[in-house]
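Data first, discussion second: the structure below is written as structure tokens.
All figures in this text were calculated on a predicted structure; none of them were measured in a lab. Both backbone and side-chain heavy atoms feed into the values below; hydrogens, waters and symmetry mates do not. Numbered from 1 within each chain, the chains take letters A, B, ... in sequence-line order.
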There are 2 protein chains.
Amino acid sequence: MTWSAHASEQLDQAGYRSGSARRQVVDLFAGAECALTALEIDSRIESVGRASVYRTLDQLERLQLIQRVEIGGDAAGYERVDPAAHHHHLVCGRCGRLSPFTSDELESAIEAVGRHSGFALASHDVVLRGTCPECQAADA
Amino acid sequence: MTWSAHASEQLDQAGYRSGSARRQVVDLFAGAECALTALEIDSRIESVGRASVYRTLDQLERLQLIQRVEIGGDAAGYERVDPAAHHHHLVCGRCGRLSPFTSDELESAIEAVGRHSGFALASHDVVLRGTCPECQAADA
DNA sequence: ATCTGTGCAAATAGTTTGCATCCTC
DNA sequence: GAGGATGCAAACTATTTGCACAGAT
């Protein structure tokens with residue numbers, strides 16, 4: 001099942017009605033490569049109030065259809081949750097590019113921390129900062 | 001060498017003058033257990049303007065004497081950089097408590113990602129969210 | 001004496017809320 | 001037709017900036 005179909009289903013089940021603002025935001029996420037900020041979303045959609053964007057983000061996050069990614073500046077990023085494609089981010093401090101990566105070793109290390117700490121882990125964020133290969137070349 | 005001594009030295013070398021606001025912020029960090037937000041710092045220090053707090057945080061971060069920790073809400077946290085005591089954070093979503101943890105397995109997984117990605121890693125943030133043991137007990 | 005650091009207040013940026021209206025069910 | 005969804009504008013919170021003045025060197 002595609003993510004947008006899954007999202008619509010979950011939203012319906014949760015009792016939310018379907019309006020045009022929400023539909024447009026969901027569509028945007030469905031086609032997005034990586035994380036988007038609220039303001040990016042707002043500016044890419046015509047005739048949708050900023051408040052509706054935030055309200056929709058809130059609903060989607062609550063249902064775990066999207067998740068917040070702290071990319072470290074002033075604005076928070078949000079991206080589709082796709083359990084089959086769990087990943088983290090590398091942020092280039094020079095050009096701002098966001099690259100996804102995965103690491104089984106990393107995930108198992110995190111699970112181990114959860115076990116030892118006694119915390120019931122719900123989610124985790126891993127953000128690696130540095131300089132991407134292109135910018136390293138440009139600097140040289 | 002203690003962190004505050006190291007900090008003063010670095011600040012002097014960087015050409016910054018010493019004023020009372022900065023001194024108080026540095027002292028607060030020297031005695032802090034974990035991350036502090038700008039507003040916490042401002043409220044714990046009498047007669048220091050909020051702007052000076054932010055300006056000082058900016059200087060300290062630039063010199064890598066403190067680092068920003070994205071604890072996920074609206075306010076960013078800052079804490080002392082102590083290479084000998086590198087650690088990450090567990091955040092309890094119920095009571096907000098911040099607990100530090102370390103994991104060699106995690107660190108080596110991150111190094112490996114750096115090597116494979118081609119990024120020159122400068123820093124990284126790992127934030128695990130969940131429910132702390134106390135809150136789990138309280139919920140039961 | 002000079003020039004940086006500081007405090008205050010105003011300006012900004014991101015996010016949230018109140019409310020009248022529109023549209024889904 | 002009723003009640004949630006939406007858009008607009010105003011409110012809020014965290015952070016930044018402009019400026020006059022105090023204080024460090």
Starting at CD of B/Gln136, measure out to OG1 of B/Thr131 and round the result to the nearest 0.5 Å.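 Going from the CD atom of B/Gln136 to the OG1 atom of B/Thr131 covers 6.0 Å.
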What N/O pairs connect the protein and nucleotides 18-20 of chain C at under 3.5 Å? Give each pair on its own line.
none

Name the pairs: protein N/O against N/O of nucleotides 12-14 of chain D, kept only if under 3.5 Å.
none

Output the rounded distance in Å from [atom1] ([X]) to [atom2] ([N]).
X       : N      : atom1 : atom2 : value
A/Arg23 : D/dG4  : CZ    : C1'   : 14 Å
B/Gln24 : D/dG23 : CD    : P     : 14 Å
A/Leu36 : C/dG14 : CG    : P     : 15 Å
B/Arg22 : C/dT4  : CZ    : C1'   : 11 Å
A/Asp12 : C/dC25 : CG    : P     : 8 Å
B/Glu61 : D/dT15 : CD    : C1'   : 13 Å

Considering residues, nucleotides and ligands other than A/Glu33, do more than 12 of their heavy atoms fall under 6.0 Å from its CD?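 No, not enclosed.
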Got more than 12 heavy atoms from elsewhere within 6.0 Å of CD, A/Gln64?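 Open: at most 12 neighbouring heavy atoms sit under 6.0 Å from CD of A/Gln64.
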Among residues at least two apart in sequence or on other chains, which ones pass side chain to side chain donor-acceptor pair (under 3.5 Å) with [X]?
X        : value
A/Glu105 : B/Ser108
A/Thr2   : A/Ser4
A/Ser123 : none
B/Arg97  : B/Ser99, B/Glu134

Between residues 40-49 of chain A and DNA chain D, which residues have a heavy-atom gap below 4.0 Å?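 Only A/Ser47, A/Val48, A/Gly49 qualify.
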Is the closest basic N to carboxylate O distance between A/Arg23 and A/Asp27 below 4.0 Å?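 No, this pair does not count.
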Ion pair A/Arg129/B/Asp125, N-O distance below 4.0 Å: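 Judged by the 4.0 Å cut-off on N to carboxylate O distance, A/Arg129 and B/Asp125 do form a salt bridge.
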Any idea how A/His88 and A/Phe101 line up, ring-wise: parallel (<30°), tilted (30 to 60°), or perpendicular (>60°)?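 Judged by the thresholds at 30° and 60°, the geometry between A/His88 and A/Phe101 is tilted.
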Can the ring centroids of A/His124 and B/His89 be said to lie less than 6.0 angstrom from one another?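 No, too far apart.
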Listed partners of B/Ser117 passing side-chain contact (heavy atoms from CB on, under 4.5 Å), at least two apart: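 B/Ser117 satisfies side-chain contact (heavy atoms from CB on, under 4.5 Å) with A/Leu90, B/Phe119 once adjacent residues are dropped.
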Check side-chain contact (heavy atoms from CB on, under 4.5 Å) between B/Val81 and all other residues, then give those that pass, not counting sequence neighbours.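 Scan of B/Val81 (side-chain contact (heavy atoms from CB on, under 4.5 Å), adjacent residues dropped) gives B/Gln67, B/Pro83.
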ILVMFWY cluster, B/Tyr16 and B/Tyr78 together (side-chain gap under 4.5 Å):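 As far as the 4.5 Å side-chain criterion goes, B/Tyr78 and B/Tyr16 are connected within one cluster.
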With sequence neighbours excluded, tell me which residues meet ring pair (Phe, Tyr, Trp, His ring centres under 6.0 Å) with B/His6.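 Not a single residue meets the ring pair (Phe, Tyr, Trp, His ring centres under 6.0 Å) criterion with B/His6.
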Five-pair end axes of the helix from C/dA1-D/dT25 to C/dC25-D/dG1, angle between them (10°):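 Here the helix ends are tilted 30° relative to one another.
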Could you check which residues of residues 13-21 of chain A get a heavy atom under 4.0 Å from DNA chain C? Sort them by number, please.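 Going residue by residue through residues 13-21 of chain A, the ones with a heavy atom under 4.0 Å of DNA chain C turn out to be A/Arg17, A/Ser18.
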Touch class at under 4.0 angstrom, heavy-atom based, for B/Arg50 against every strand present: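 Base contact.
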Taking every non-hydrogen atom, the tightest pair across A/Glu79 and A/Cys34: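 Heavy atoms only, the tightest pair is OE1-SG, 3.8 Å.
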D/dA5, OP1 or OP2 - any side-chain N/O from A/Ser52 closer than 4.0 Å?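 No, outside the criterion.
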